[in-house]
Amino acid sequence: MGKEKKLVSEITSRDVDFAQWFTDICTKAELIDYSTVKGFTIMRPYGQAIWENITKSLDDKFKKTGHENVAMPMLIPESLLQKEKDHVKGFAPEVAWVTHGGNEKLEERLCIRPTSETLFCDHWAHVLQTYRQLPMKYNQWCSVVRWEKTTRPFLRGREFFWQEGHTIHETPDEAKAETLQMLDIYADFYEKELNMPIIKGQKTESEKFAGAEATYTIEAMMHDGKALQSCTSHYFGDGFARAYEVKFADRNNGISYPFQTSWGISTRSIGAIIMSHGDDDGLILPPAIAPFQIVIIPIAQHKEGVLEKAAELKTRLESAYRVKLDDSDNSAGWKFSQYEMKGVPVRLEIGPKDIENNQCVLVRRDNREKIVVSLDNLLAEVAKVLEDLQRSIYQNAKANLDARTQSLNTMEEIIAASQAKDGFIKTLWCGSEECEKQMKEQAGLSSRCMPFGEQDNLEGVCPVCGKKASHRVIWGKAY
RNA sequence: CGGGAUGUGGCUCAGUUUGGUAGAGCGCUGCGUUCGGGACGCAGAGGCCGCAAGUUCGAAUCUUGUCAUCCCGACCA
């Protein structure tokens with residue numbers, strides 16, 4: 001009965017089989033169910049509640065920075081998709097097509113949106129007339145379809161839910177600033193609310209979004225050392241605007257094309273939460289997005305006064321937190337395990353002995369520490385525990401990131417390191433696509449990003465070709 | 001799209017080698033006793049064995065086809 005005893009036997013151990021562990025959590029914590037169509041999942045109430053908390057938080061931030069929500073159609077005519085050639089090339093292989101309406105074959109087939117740049121451009125071409133209307137800063141919450149060959153819950157589905165922001169601006173500088181502002185909002189959200197350390201950077205040419213001039217990314221490291229691209233923010237220049245003929249009368253009464261951005265975060269972020277914080281007993285949810293931050297478990301609840309007291313505590317806590325009281329017939333032990341599996345940050349136990357002593361027991365999900373607290377300063381104690389838990393899970397993830405990140409100079413070192421364990425490898429790079437290809441072939445690594453703030457002091461050579469370096473790149477294996 | 005595996009109550013699986021009309025554990029329903037780390041007893045419900053042809057007196061079991069899922073690679077929020 002040591003501390004090491006695994007309480008939740010249904011979940012595969014994380015170190016035995018990380019992929020299986022991940023899938024187990026997705027289903028056992030009741031986040032999702034598989035649907036009958038491959039690659040499509042059903043978001044169950046608990047998973048959806050997490051996603052809703054994510055959307056609420058971000059939607060608020062988007063609105064505070066002047067963005068408006070819209071709703072675009074789900075279908076894109078083939079001819080519309082075709083207008084920007086890089087974009088088509090990037091997405092055409094993985095779109096789903098609608099070819100019939102009822103029994104009638106359509107004149108032109110329609111694709112289910114894989115992303116909505118083309119739709120936004122088409123719309124803007126209709127409504128934009130003057131620089132006075134700029135900027136237009138739009139966002140939509142929706143799902144998109146990409147016909148992926150291999151799929152995994154949250155990480156890669158044929159349909160996934162996300163938010164896509166699309167903006168147009170009068171000047172390149174303004175659009176670039178928007179791109180970076182949104183990246184910062186995401187970064188801040190990941191760090192402060194999902195309690196995950198992240199790396200901001202720019203994608204290389206070969207990894208950037210189809211049709212973009214520059215793609216910025218947030219890369220996070222999962223517990224197993226693999227990278228997860230956690231969101232992206234793109235600067236398009238006026239490439240799409242020209243292709244779709246989005247024009248406006250500028251300040252000099254000439255015709256100009258606006259400069260454009262797009263940025264998105266998806267339900268993949270839930271995968272990131274699972275793989276960053278979870279342990280062998282299940283999920284560990286960051287309090288900011290947990291469907292409920294506190295679960296109250298009454299002990300010996302049939303006894304006089306216990307349920308009443310539990311309900312009273314619930315009312316008190318609800319002033320500041322999302323709280324669930326489980327007064328179901330299941331045993332206390334069963335409930336303990338159940339909510340550990342679901343990652344509820346704090347458990348509150350209240351039983352006859354506690355009531356006698358005007359106290360309750362708080363148990364932290366991350367380290368299972370049991371804290372006896374007086375009911376008189378319950379709210380303050382809960383606040384302290386939640387704060388500490390956030391700091392603690394962040395630091396654990398940070399420790400993993402640090403332990404698995406190394407700077408290397410030669411191919412021998414890189415190949416040896418990538419075979420030894422998964423993680424991030426930082427190197428100089430000459431900037432050529434060929435060397436990226438070689439890195440993939442020789443070391444099995446893809447470029448994750450060119451991290452911000454680390455593009456100075458580029459004295460040295462590319463480890464692949466030996467030519468003078470022009471960038472510093474983080475390499476890794478990606479989900 | 002290549003390589004491998006698997007389809008049997010809600011879930012995990014046994015039964016297939018040697019054809020004879022389907023089982024276990026968990027879960028679920030009802031009642032009672034329990035309740036500070038996944039409780040127990042009793043009584044129940046639930047499956048034309050992925051689908052379709054074929055062989056046979058008879059198919060979960062043999063044959064052929066087909067569909068789906070999972071794992072490993074190549075491609076990707």
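We name chains A, B, ... by the order of the sequence lines, and we start the count at 1 in each one. These numbers were taken from a predicted model, which means no experiment stands behind them.
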Pick base, sugar-phosphate or nothing for [X], based on heavy-atom distances below 4.0 Å to the nucleic acid.
| X | value |
| --- | --- |
| Ser266(A) | base |
| Lys203(A) | nothing |
| Pro352(A) | base |
| Gly264(A) | nothing |
| Val144(A) | nothing |
| Gly90(A) | nothing |
| Ile265(A) | nothing |
| Arg347(A) | base |
| Glu94(A) | sugar-phosphate |
| Lys335(A) | nothing |

Could you tell me if the ring centre of [X] sits under 6.0 Å from that of [Y]?
| X | Y | answer |
| --- | --- | --- |
| His223(A) | Trp21(A) | no |
| Phe209(A) | Phe236(A) | yes |
| Tyr339(A) | Trp334(A) | no |

Exercise: do [X] and [Y] side chains pair donor with acceptor under 3.5 Å:
| X | Y | answer |
| --- | --- | --- |
| Asp184(A) | Tyr216(A) | no |
| Lys203(A) | Gln229(A) | yes |
| Thr217(A) | Glu219(A) | yes |

With sequence neighbours left out, the residues meeting side-chain hydrogen bond (donor to acceptor under 3.5 Å, both in side chains) with Thr232(A) are His234(A)
How many Å lie between [atom1] on [X] and [atom2] on [N], as a whole number?
| X | N | atom1 | atom2 | value |
| --- | --- | --- | --- | --- |
| Phe22(A) | rC71(B) | CZ | P | 12 Å |
| Asp329(A) | rC35(B) | CG | P | 13 Å |
| Arg152(A) | rC70(B) | CZ | P | 11 Å |
| Ile270(A) | rA77(B) | CD1 | P | 19 Å |
| Tyr339(A) | rG38(B) | OH | C1' | 13 Å |
| Glu148(A) | rC70(B) | CD | P | 14 Å |
| Tyr186(A) | rA77(B) | OH | P | 15 Å |
| Ile198(A) | rA77(B) | CD1 | P | 19 Å |

RNA chain B nearest-nucleotide lookup for Thr267(A) and Thr23(A): closer to the 5′ end is Thr23(A)
Walking RNA chain B from its 5' end, the first of Asn330(A) and Ala478(A) to be reached, judged by nearest nucleotide, is Asn330(A)
In terms of side-chain geometry, is the basic nitrogen of Asp122(A) or Lys83(A) positioned less than 4.0 Å from the acidic oxygen of its partner? no
### Message
Can you tell whether the side chains of Arg364(A) and Asp388(A) come within less than 4.0 Å, N to carboxylate O?
### Response
yes
Given [options], identify the nucleotide with an atom nearest to the side chain of [X].
| X | options | answer |
| --- | --- | --- |
| Ser337(A) | rG37(B), rC35(B), rG36(B) | rG37(B) |
| Lys440(A) | rG37(B), rU34(B), rC75(B) | rC75(B) |
| Ile299(A) | rC35(B), rA74(B), rU34(B) | rC35(B) |
| Glu349(A) | rC1(B), rG37(B), rG36(B) | rG36(B) |
| Tyr34(A) | rA74(B), rC35(B), rC70(B) | rC70(B) |
| Phe160(A) | rG37(B), rA77(B), rG36(B) | rA77(B) |
| Gln338(A) | rG38(B), rA77(B), rG36(B) | rG38(B) |
| Met341(A) | rG38(B), rG37(B), rC75(B) | rG38(B) |
| Val363(A) | rC1(B), rG37(B), rG38(B) | rG37(B) |

Distance, [atom1] atom - from [M] to [N], rounded to whole angstrom:
| N | M | atom1 | answer |
| --- | --- | --- | --- |
| rC51(B) | rA68(B) | C1' | 10 Å |
| rG20(B) | rG30(B) | C1' | 37 Å |
| rC70(B) | rA53(B) | P | 27 Å |
| rG15(B) | rC28(B) | P | 27 Å |
| rG36(B) | rC31(B) | C1' | 27 Å |
| rU64(B) | rU56(B) | C1' | 16 Å |
| rU21(B) | rU29(B) | C1' | 29 Å |
| rG7(B) | rU66(B) | C1' | 13 Å |

*asked:* Once hydrogens and angles are ignored, does a donor-acceptor distance under 3.5 Å link the base of rG37(B) to the side chain of Glu340(A)?
replied: yes
Q) Does the ring of His302(A) lie flat against the base of rU34(B), closer than 5.5 Å centre to centre with planes under 30°? A) no
Next on the checklist: Can you confirm whether more than 12 heavy atoms, excluding those of Met74(A), are under 6.0 Å from its CE atom?
Outcome noted: no
Its dot-bracket string being built from Watson-Crick and G-U pairs below 3.5 Å, with | for another strand and [ ] for crossing, RNA chain B has the pattern ((((((((.[[[[.)....(..]]]].((((((.....)))))).....[[[[[..)....]]]]])))))))....
Sorted by chain and residue number, the side-chain contact (heavy atoms from CB on, under 4.5 Å) partners of Ala220(A) (sequence neighbours excluded) come out as Met196(A), Ile198(A), Met222(A), Ser230(A)
Checklist line | side-chain N/O Ser331(A) vs rA39(B) OP1/OP2, d < 4.0 Å | finding: yes
